[in-house]
Colleague: 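Below is one structure. I have some questions about it.
All ligand and atom numbering here is 1-based and tracks the order in the structure. Atoms considered below: every heavy atom in the structure, side chains included; atoms not considered: hydrogens, waters and symmetry mates.
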Amino acid sequence: MEMPVTTSPMTAEEFRERFLHYLRYIRGLELADAGPADHLAAVELVVRETLIDRAVETRCAWRRVRPKTVHYLSMEFLIGRLLTNNLIATGLERAAREALDDLGLSLAAITEEEADPGLGNGGLGRLAACFLDSLATLDYPAFGYGLRYDYGMFRQEFEKGWQVELPDTWLKGGYAWEIPRPDLTVPVRIGGQVEWHEGAHGRFRPRWVGWRCFYAVPHDVLVAGYGTHTISVLRLWSADAPSEFDFHIFSQGDFLKAVADRERVQAITRVLYPADHVEAGRRLRLLQEYLLVAASVQDAVNRFRLHHGEAWELLPEKVAFQLNDTHPALTVAELMRFLVDDADLRWSTAWEIVRATCSYTNHTLLSEALETWPVSLMEEIIPRHVQIIYEINRRFLESVGNGASGDMDRLGRLSIVHEDGEKRFRMANLAIVGSHRVNGVARLHTRLLTTRVVRDFAELWPERFVAITNGITPRRWLGACNPRLASAITRRIGPDWLRDLDRLAELSGLAGDEEFQAEVANVKEANKQDLAVVIRELCDLEVDPASLFDVQIKRLHEYKRQLLNALHIIHLHQRLKDDPGQEITPRTFIFGAKAAPAYHMARLIIRLINGIAEVINDDPEVAGRLKVAFLPDYRVTLAEKIIPAADLSEQISTAGWEASGTGNMKLALNGALTIGTLDGANVEIRDAVGEENIFIFGLTADEAARLPASGQYSPWDHHRADEDLARVLDALRDGVYTPGDEGVSRQIWSSLMEHGDRYLHLADFRSYVDTQQRVADLYLDRRAWSEKAIRNIAAMGYFSSDRAIREYAAKIWNLQPVPLRPGS
Ligand code: 26Q
C-alpha cells in the first residue's frame, strides 16, 4: 500500500539488523534455528518500537494540549491481526519485506502466523475496531475501553456437518501488541450494603459498606493511524484478585481458599459471551459489564484529575463517553455515584454533567433483544447503583409526569424499571435518559427506532436522536486486504483515497473504460484463485474461479436468512436435476457463519447448509456448475480473504431487522454487486450506487412489519401458489439434503410451515429467485458486470468510517483533532 505522508523510519538493512537482534536476544536463537513463530515475534518487536515511539509522541502532544478525549466503551473489539496494518501505518512494509527476502523468509508466510484476537461476536465489535482506526487516522484524541478475555470467540469446526466449538487460545505464546500497565490498576468494589449516616448540615448521606474488592489490570493495544503519528489506545481490562487479600487469607492458613478465590475473580474476564443477542440474566455477564464501566470511568476520572484537578463541572468539556450499545450503560449510574458520593456534588449538578458526558449508540430494533437486568441481581452486586438508578428514574418520571395528563401506559413504557413480574432495569431506558445523544446506525434504523422501539422517548426529546450511518475503514478493508485492487485504483487516481474515500468517485469516469473494466475483472479473477486455494485447504473442495462467487458471510441468525439462500440453492439443484443439459451460470456458494452455541435453530441451519454442500458437491450431474463451500471459523482474518474474491454480496435480511450491516459495505467496496432487501444500510447503498447497479428484492420494512400483524402471511398459500417453492419445501420436509440427519431438515421445515416464521422467508422466495436469475444473466456479460462493479466501488466513499467518525465528532462529542502529522 502506498504511503502518502510517512517515510520509512528504517532502511531494509536496519530492519534486518534489528530483526536478527531480537531473534537472538529475546528468542535466544540464531536464524538457522528459528521457526515461523520466532520470525513473527522478532518482526513484531521491530515494528512495536516505532509504534511505541508514536504512542509517546501522541501522549506528549495530548499532555500539552489537554484536548477533549473520547472514551469508546465496548464489550467487544474485533481488531483482527495487526501486523500488516502496523507495517503499513509505520511505513515499514517495504523495509520489512526486503529484509526478510534477503534472509530467505517470506513476509506473507510470517503474517499468517499471527493470532486473530476474537474479542467480539460480529458487527458491533468490528465497528468499534474500525472506529479506533479512523479516530487515530483523523487525529482525534481517543481511548477504546474493553475487556481482555482470555478466551475470545470460540474456534469453529464442523463434525459431520455440525458446528463444534473449541477454545480460542489467542494469548498462548504471548500477545506482542499489548503493553501491560500494572501501574494503572484500579480497584473494583462489589457486594455489601448501603448505610445512611448524618453528614455535614444534617444531610443524610449514603455509605457503601461491607463490599469486597478486586482489581482491574489494564493492557494497552496501540492502534496506529494512517498517514499520521497519532495512536489510539485500546485499553483492555483483565480481572485479578488483590494480593493483600490473598495474604490475609493465607495467614489464616487457608491457602486453597485463597487460590480458589483468586481463580473466581480471574474468571470474570475468562471468556467472551459468544452470543450476539441478549442472553438473559447471567450474573457473570453483569460482572463483566460492571467491571468494564467501573474500571474505565475511574481511569478517565483519574486522568481528568491529573490535568484539571477537581473542577468536575469541566468534565463534559474534556471527556466524552460513548456507550457501544447498552452493554456499558451502567456508566450513567457509576459516573453519578462518583460525582455524588466521592466528589460530593449536588445531585442536579452531577446529573447535568453525566448527561453532557455520555451518549449511547443503539444497534438493534428487536424490542425483546433490549438488555434488562433483574433488580435483585444488581442489588447483590452493586447495591449503591441500584439506589442511584431508582433515584434517576424517580426524578425522570416526576419531570415527565408534570407535563402530561397522567398517561400511565406511557409512563410505564418510559420507566427505567420494568414492573411486570420480577422487577428489572431496562438498560436502554437508562442509557437514553442518561445521554445527551442517542444514535442509530443507519438512516432506516434510526427512523424505525424513533417511530417504533423508543417512540415515547423520541417524542419527548426529538433533538436527542440522531442517525449516524456506520462505516468501515478503507485501510483494512481495501488497502490491506485487497492489494491488487488498491494498486489498480492508486494507479488511476493516486493514493489519497486511503485517507479520503470520497476520491473514489473519480473512478466513475472509468466505469465505461474497457481497459479499466478488464483490469478490475482480472484483479477479481486473481483474488478468486487465491480464495480457491483457501477453500481447498479448509473444505477439501475444488471450486472453479471462473464461476460466480456468491458470498454470504455474517453471524448465523434467522433474521439474516441464510435459510433463504439455502432454499435458492436447493431450487437451482432441483432445476438442474430436472434438465441436466440446461445452460446455467456456474456458481460457487460461499458461506461463513458462527452460531451462538445455545441458538438451536442456528445450529440446525449450519447443519442444513453443510448437508446441501455434501449432496451437491458429490453430485456428478451438476459438477462444474454448482458448488457449496461453508468455510469453518469465520472471523476477521477469513473475511479479509473472502471479501476481495466475492462477485455477489448476499444482504438478504427480513426488512426492518438488520440495524445497518457493515459487511454489505466491505463487499461493495471490493467490487461485489449486492443482492439485498431494503434493510439497514442497504437502502443507503442503493441510493449511492443507483438502482441499476444493485439487485433489490422483497418486502419493504413497512410491508414486512404489517404482514404478520395482518394475519395475511400464510406459508401454505405460498406453497400452493409456487410450484418451485413447493418442491423445495417438500425436499426439506423429507430430509433430502441432510442425509443421515433427516430430522434436522424436518425441524427447519416445521419452523417455516408450522411455527409462523416471523422472518417471512416464503414471502420473499419468488422475488429472490427471480432476482437471482437476473444476477446470473448479467454475469454472463463480463463487461457489463465489471462496469457495475466499478460503479459500486466509486460510490463507496460515504461508507468510510472516517466519515462516520467525523459525524460523531461533530454531532455528539464536540471533539477537535490534535494534528500529529510528520512535519506539522
Ligand atoms: C448482550 C447481553 C448478553 C450477552 C450478549 C449480548 C450481546 C452481545 C453482542 C448483544 C448483542 C451483540 C452484538 C450485536 C451486533 O453485532 N449488532 C450489529 O451491529 C452492527 C454494527 O452497528 C450492525 O451493522 C448490525 O446490523 C447489528 O446486527
Side-chain angles (χ1 to χ4, degrees), residues 72 74-78 118-131 146-147 149 152-153 271-290 292 322-330 360-366 368-374 377 424-428 431 439-446 448-449 467-473 553-561 593-594 596-599 636 651-667 676-677 679-685 701 799 801 804 808:
Y72 196 88
S74 177
M75 290 287 283
E76 312 196 355
F77 285 90
L78 273 176
L119 307 184
N121 277 284
L124 167 149
R126 181 55 231 177
L127 184 73
C130 283
F131 280 2
L147 295 185
Y149 305 105
M153 191 63 197
V271 62
L272 165 80
Y273 275 84
D276 61 346
H277 50 267
V278 180
E279 277 209 77
R282 298 290 178 85
R283 183 188 148 89
L284 188 61
R285 170 77 184 191
L286 181 60
L287 282 168
Q288 289 184 338
E289 293 183 354
Y290 174 60
L292 171 66
Q322 187 67 35
L323 314 182
N324 200 19
D325 216 295
T326 54
H327 315 155
L330 284 171
Y360 152 58
T361 306
N362 174 286
H363 297 265
T364 187
L365 284 166
L366 256 169
E368 72 266 28
L370 297 177
E371 224 180 351
T372 65
W373 287 104
L377 180 61
R424 295 173 153 266
F425 286 141
R426 297 167 167 146
M427 303 312 271
N439 77 290
V441 290
R443 232 164 45 203
L444 172 66
H445 169 66
T446 309
L448 298 177
L449 188 67
I468 301 185
T469 300
N470 283 166
I472 57 171
T473 169
I553 43 174
K554 50 185 78 248
R555 281 303 287 263
L556 212 135
H557 246 291
E558 288 166 279
Y559 84 75
K560 293 176 189 284
R561 295 201 296 194
K594 284 176 181 172
Y599 189 170
V636 171
Q651 309 300 336
I652 59 177
S653 51
T654 313
W657 287 74
E658 189 71 271
S660 163
T662 46
N664 46 3
M665 304 169 189
K666 294 164 196 167
L667 284 153
T677 48
D679 200 13
N682 296 352
V683 179
E684 289 156 83
I685 292 177
F799 301 98
S801 46
Y808 277 86

Colleague: For the side chain to side chain contact (heavy atoms under 4.5 Å, CB included) test, which of Ile685, Thr677, Leu667 pairs with Gln651?
Modeller: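 Between Gln651 and the candidates, side chain to side chain contact (heavy atoms under 4.5 Å, CB included) is satisfied uniquely by Leu667.
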Colleague: Hey, is ligand 1 close enough to His327 that some N/O pair sits below 3.5 Å?
Modeller: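 Looking only at distances, the answer is no, because the N/O contact criterion of under 3.5 Å is not met.
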Colleague: Is there a donor in the side chain of Asn470 and an acceptor in the side chain of Thr662, or the other way round, less than 3.5 Å apart?
Modeller: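 No - no donor-acceptor pair under 3.5 Å links their side chains.
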Colleague: Measure the distance from atom 22 (O) of ligand 1 to every protein heavy atom, then report the residue, atom name and distance (to 0.1 Å) of the closest one.
Modeller: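 It is His363 ND1, 2.6 Å.
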Colleague: Give, for atom CG of Leu292 and atom OG of Ser74, the distance between the pair rounded to the nearest 0.5 Å.
Modeller: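 Between atom CG of Leu292 and atom OG of Ser74 there are 8.0 Å.
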Colleague: State whether the shortest distance between N or O atoms of His277 and N or O atoms of ligand 1 falls below 3.5 angstrom.
Modeller: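 No, His277 has no N/O under 3.5 Å of an N/O on ligand 1.
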Colleague: So, is Gly661 polar-close to ligand 1, with some N/O to N/O distance under 3.5 Å?
Modeller: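 Among all N and O atoms of Gly661, at least one is under 3.5 Å from an N or O of ligand 1.
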Colleague: Looking only at N/O atoms, are Val441 and ligand 1 under 3.5 Å apart anywhere?
Modeller: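 Not met; the criterion fails.
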Colleague: Could you find the nearest protein heavy atom to atom 16 (O) of ligand 1 and give me its residue, atom name and distance?
Modeller: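 Answer for atom 16 (O) of ligand 1: Leu124 N, 3.0 Å.
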Colleague: For ligand 1, is Tyr559 a contact, meaning one of its heavy atoms is under 4.0 Å away?
Modeller: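 It does; at least one heavy atom falls under 4.0 Å.
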Colleague: Looking only at protein heavy atoms, identify the closest one to atom 26 (O) of ligand 1 and say how far it is in Å.
Modeller: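 Checked against all protein heavy atoms, atom 26 (O) of ligand 1 sits closest to Glu658 OE1, 2.7 Å.
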Colleague: For the side chain of Asn121 and the backbone of Ala275, is there at least one donor-acceptor N/O pair under 3.5 Å apart?
Modeller: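 Checking the backbone N and O of Ala275 against the side chain of Asn121, a donor-acceptor pair under 3.5 Å is found.
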Colleague: Would one find an N or O of Glu76, backbone or side chain, under 3.5 Å from an N or O of ligand 1?
Modeller: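 No; every N/O pair is 3.5 Å or more apart.
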Colleague: Starting from atom 1 (C) of ligand 1, which protein heavy atom do you reach first, and at what distance in Å?
Modeller: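 Result: Arg285 NH2, 3.5 Å.
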Colleague: Could you tell me which non-hydrogen atom of Ile472 sits nearest to which non-hydrogen atom of Cys130, and how far apart they are?
Modeller: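 Shortest heavy-atom contact: CA-SG, 3.9 Å.
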Colleague: Is it the side chain (CB and beyond), the backbone, both or neither of Thr361 that lies under 4.0 Å from ligand 1, heavy atoms counted?
Modeller: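 None of Thr361 does.
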Colleague: Below the 3.5 angstrom mark, is there an N/O of Leu127, backbone or side chain, next to an N/O of ligand 1?
Modeller: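 Between Leu127 and ligand 1 (N or O atoms, distance only) the closest approach is not under 3.5 Å.
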Colleague: Report the distance from atom CG of Leu284 to atom CD of Glu289, rounding to the nearest 0.5 Å.
Modeller: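 If I round to the nearest 0.5 Å, the distance is 10.5 Å.
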Colleague: How long is the span from the NZ atom in Lys594 to the CE atom in Met153, to the nearest 0.5 Å?
Modeller: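 The distance works out to 5.5 Å.
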Colleague: Does an N or O anywhere in Tyr273 fall below 3.5 Å from an N or O of ligand 1?
Modeller: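 Looking only at distances, the answer is no, because the N/O contact criterion of under 3.5 Å is not met.
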Colleague: With no hydrogens and no angle check, just 3.5 Å: does a side-chain donor-acceptor pair link Asn324 and Thr361?
Modeller: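 Asn324 vs Thr361: no donor-acceptor pair found between side chains.
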Colleague: Checking Glu658 side chain against Ala681 main chain: does a donor-acceptor pair fall under 3.5 Å?
Modeller: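 Here the side-chain-to-backbone pair does not exist.
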Colleague: If the test is side chain to side chain contact (heavy atoms under 4.5 Å, CB included), which one of Leu370, Asp325, Thr446, Leu323 qualifies with Asn362?
Modeller: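 It is Leu370; the other options fail the test.
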Colleague: Give me the residue, atom name and distance of the protein heavy atom closest to atom 8 (C) of ligand 1.
Modeller: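 I find the closest protein heavy atom is Ala275 O, 3.1 Å.
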Colleague: Which atoms of ligand 1 have any heavy atom of Ala659 under 4.0 Å away?
Modeller: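 Under 4.0 Å from Ala659, ligand 1 has these atoms: 26 (O).
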Colleague: Please identify which atoms of ligand 1 are closer than 4.0 Å to at least one heavy atom of Glu279.
Modeller: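 Checking each atom against Glu279, I get 3 (C), 4 (C).
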